[in-house]
Structure formats: C-alpha cells, structure tokens
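Have a look at the structure below, then the notes.
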Amino acid sequence: ENGYTPQILDILKENNVKAAFFVTKDYIERNPEIIKRMVDEGHIVGNHSVTHSDMPDLSDEQIKSELDDCAAYFKEVTGVEMPRFFRPPAGVYSIRSLEKTQEAGYKTIFWSFAYKDWETDNQPGKEEAYNMVMNNYHNGSIMLLHAVSQSNTEALDDMLKSLKQEGYTFLSLYDLP
C-alpha cells in the first residue's frame, strides 16, 4: 500500500466500475479497513498468497498453505469467504502449481496487459500511464495495474471515462467462461 488505494476506490465508485484486487496476507494485516471497504463496495478481493513466493519453487503442501492461510485471514478480517481467484505472484507458474491451485478450488487469473508500473520511484507520469492503457486495450482485456502507482492513480478517472466513451464495459471475473 502506497497511499493511493482509497483514491482509486473513490474513482472506481464515481465511475461505477468494480475491480479485482489481488492481495497478500501481509497487505490484509496492514490494511484491514481498506480490505473491508473493497468488500463493502463490491470489488473482488482475490488471493495473491501469503509470502508472494514463486509458486513453482514451493512444495504441494506449501502452495496449499499459501492459499489457505491468506484466505483464512481474509475471512477473519472481513467475515466473508475470499473469492476463489488467484493471481500467481509475478505471474510465475508451472503446470504443477496451476494444478495445485485448481485442486484448492481456485481459478488462476493472468492478464493480457501490463506494464512496469510498480516501481514507485520510477513513475512515468499521468499522461504516459493514460497513453499506455489507451494504446493497448482490446476486447476482453484483463489489465494489470498496480495500486502503488501514482501515475495510474492520476490517470485512472480519464482511462475509465475514455474507455466507456469508446463503448467498453467493465465486467467481473465471475463473468469469465
């Protein structure tokens, strides 16, 4: 958390857009009120593991623990079950880690668009973030935008409004086949 998530949530609410936030156990521990707000406002809060480890490097038991422990803490904080979506840290996976994730009842979510936006001391600025999204969106996009990005936060309202003006709608991960 870099202080931008409340503003991101405000912008999403103003634009009537629901998002999916993938969080680690540590993030939940440090930001319980933000997590509760995400849930209360109808966003998906998905599992991003306990330790943000590369899943293929873990044993089967460790993979299960990474998922179960994050989900259990989420339920402790929110009182509701964590949605069964998982985004592997850094997108690193193996066939075995995907199988173990599926066996644990999760749908693994990847993305069709991302850019290097997570470096908090190397932000491209509002205009470049806006152009990056507007030059790369497509039907069915799943965009990975990190909430630690000042540039994304500053450009988000314009991104959403422009995409809506282009005729795009924003659907839930629950709408995926």
Side-chain angles (χ1 to χ4, degrees), residues 1-13 15-114 116-120 140-150 152-153 156 170-177:
E1 177 55 35
N2 201 27
Y4 300 116
T5 307
Q7 185 179 352
I8 291 168
L9 289 168
D10 291 344
I11 293 166
L12 291 169
K13 189 175 193 173
N15 285 279
N16 196 29
V17 171
K18 304 297 182 216
F21 293 89
F22 287 90
V23 299
T24 60
K25 182 181 178 188
D26 179 65
Y27 185 92
I28 300 167
E29 289 172 337
R30 288 183 293 109
N31 304 284
E33 295 309 313
I34 291 174
I35 294 294
K36 290 175 192 173
R37 180 176 172 194
M38 290 172 180
V39 171
D40 290 345
E41 293 182 5
H43 302 286
I44 290 173
V45 182
N47 199 321
H48 199 41
S49 78
V50 172
T51 62
H52 204 266
S53 299
D54 290 349
M55 293 294 113
D57 295 343
L58 304 179
S59 70
D60 294 355
E61 296 77 23
Q62 288 172 314
I63 290 172
K64 184 167 179 10
S65 178
E66 287 282 326
L67 297 168
D68 290 349
D69 293 353
C70 184
Y73 193 72
F74 174 86
K75 185 173 183 178
E76 184 180 321
V77 167
T78 65
V80 298
E81 296 290 332
M82 181 173 247
R84 304 299 270 190
F85 296 105
F86 177 67
R87 185 170 72 80
V92 177
Y93 68 95
S94 66
I95 296 300
R96 181 184 61 83
S97 69
L98 291 174
E99 289 172 347
K100 294 304 165 190
T101 301
Q102 185 176 26
E103 286 173 14
Y106 284 86
K107 185 171 202 164
T108 300
I109 303 297
F110 290 100
W111 53 90
S112 59
F113 167 83
K116 198 172 182 178
D117 64 346
W118 59 87
E119 292 181 341
T120 57
S141 290
I142 296 179
M143 295 190 173
L144 172 59
L145 299 172
H146 288 85
V148 296
S149 169
Q150 178 181 352
N152 288 345
T153 304
L156 183 60
F170 300 87
L171 300 177
S172 169
L173 293 176
Y174 288 113
D175 296 319
L176 292 174

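The residues of the chain are indexed from 1 along the displayed sequence.
- Shown here for Phe86 and His48, the closest heavy-atom pair between the two residues is CE1-C, 4.0 Å.
- Note that CZ of Arg30 and CD of Glu1 are 8.0 Å apart. Values are rounded to the nearest 0.5 Å.
- With rounding to the nearest 0.5 angstrom, the OG1 atom of Thr153 is 8.5 Å from the CG atom of Asn2.
- Inter-residue side-chain proximity for Phe74 and Asn47 is flagged as unmet; no heavy-atom pair is nearer than 4.5 Å.
- With Ser141 contributing its side chain and Met143 its backbone, the two residues share no donor-acceptor pair below 3.5 Å.
- Within a 6.0 Å sphere centred on NZ of Lys107, other residues, nucleotides and ligands contribute more than 12 heavy atoms.
- Between Gln102 and Thr108, the side chains place no donor N or O within less than 3.5 Å of an acceptor N or O (distance only, hydrogens not considered).
- A distance of 10.5 Å separates OG of Ser94 from NZ of Lys100, quoted to the nearest 0.5 Å.
- By the 4.5 Å heavy-atom criterion applied to side chains, Tyr73 and Val50 are not counted as neighbours.
- Annotation: the span from Lys116 atom NZ to Ser149 atom OG amounts to 13.5 Å, rounded to 0.5 Å.
- Ser65 places no side-chain N or O within 3.5 Å of a backbone atom of Glu61 that could act as its donor or acceptor partner.
- For the pair His146 (side chain) and Asp117 (backbone), a donor-acceptor distance under 3.5 Å is absent.
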*Evaluate the criterion side-chain contact (heavy atoms from CB on, under 4.5 Å) for residue pair Leu58 and Met55; output intermediate values, then yes/no.*
CA-CA 5 Å; Leu58 304 179; Met55 293 294 113; 3.8 Å; yes

*Would Val23 and Asn31 count as a side-chain contact (heavy atoms from CB on, under 4.5 Å) if you check the C-alpha gap in whole Å, the side-chain angles of each, and the deciding distance to 0.1 Å?*
CA-CA 10 Å; Val23 299; Asn31 304 284; over 6 Å; no

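- Contact detail for Glu66 and Ser53: the closest heavy-atom pair is OE2-OG, 4.5 Å.
- Contact between Ala19 and His43 at its shortest, heavy atoms only, is N-ND1, 2.9 Å.
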*Run the side-chain contact (heavy atoms from CB on, under 4.5 Å) check on Thr5 and Met38 step by step: do they pass?*
CA-CA 10 Å; Thr5 307; Met38 290 172 180; 3.6 Å; yes

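- Pro83 approaches Val45 most closely through the heavy-atom pair CD-O, 3.1 Å.
- Distance NZ/Lys25 to CG/Leu67: 13.0 Å, rounded to 0.5 Å.
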*Check step by step if salt bridge (Lys or Arg N to Asp or Glu O under 4.0 Å) holds for Asp40 and Lys36.*
CA-CA 6 Å; Asp40 290 345; Lys36 290 175 192 173; over 6 Å; no

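- Residue pairs that meet the salt bridge (Lys or Arg N to Asp or Glu O under 4.0 Å) test with at least one member in residues 69-78, sequence neighbours left out, are Lys75-Glu81.
- Among the candidates Trp111, Phe110, Tyr106, Phe21, the single residue satisfying the side chain to side chain contact (heavy atoms under 4.5 Å, CB included) test with Arg87 is Trp111.
- Proximity of Asn15 to Phe170: side-chain heavy atoms (C-beta onward) are nowhere separated by under 4.5 Å.
- Taking both residues in full, the closest heavy atoms of Ser97 and Thr101 are given as O-OG1, 2.8 Å, listed atom of the first, atom of the second, then distance.
- Residue-environment remark: OH (Tyr93) stays at or below the threshold of 12 foreign heavy atoms within 6.0 Å.
- Other residues, nucleotides and ligands place more than 12 heavy atoms under 6.0 Å from the NZ atom of Lys18.
- Between Tyr174 and Phe85, the ring center distance clears the sub-6.0 Å criterion.
- Here Ile142 contributes atom CD1 and Ile109 contributes atom CD1; the two are 5.5 Å apart, rounded to the nearest 0.5 Å.
- Using a 4.5 Å heavy-atom cutoff, the side chains of Ile8 and Ile11 are not in contact.
- The two residues Ile63 and Arg96 make their nearest non-hydrogen contact at CD1-NH1, 3.6 Å.
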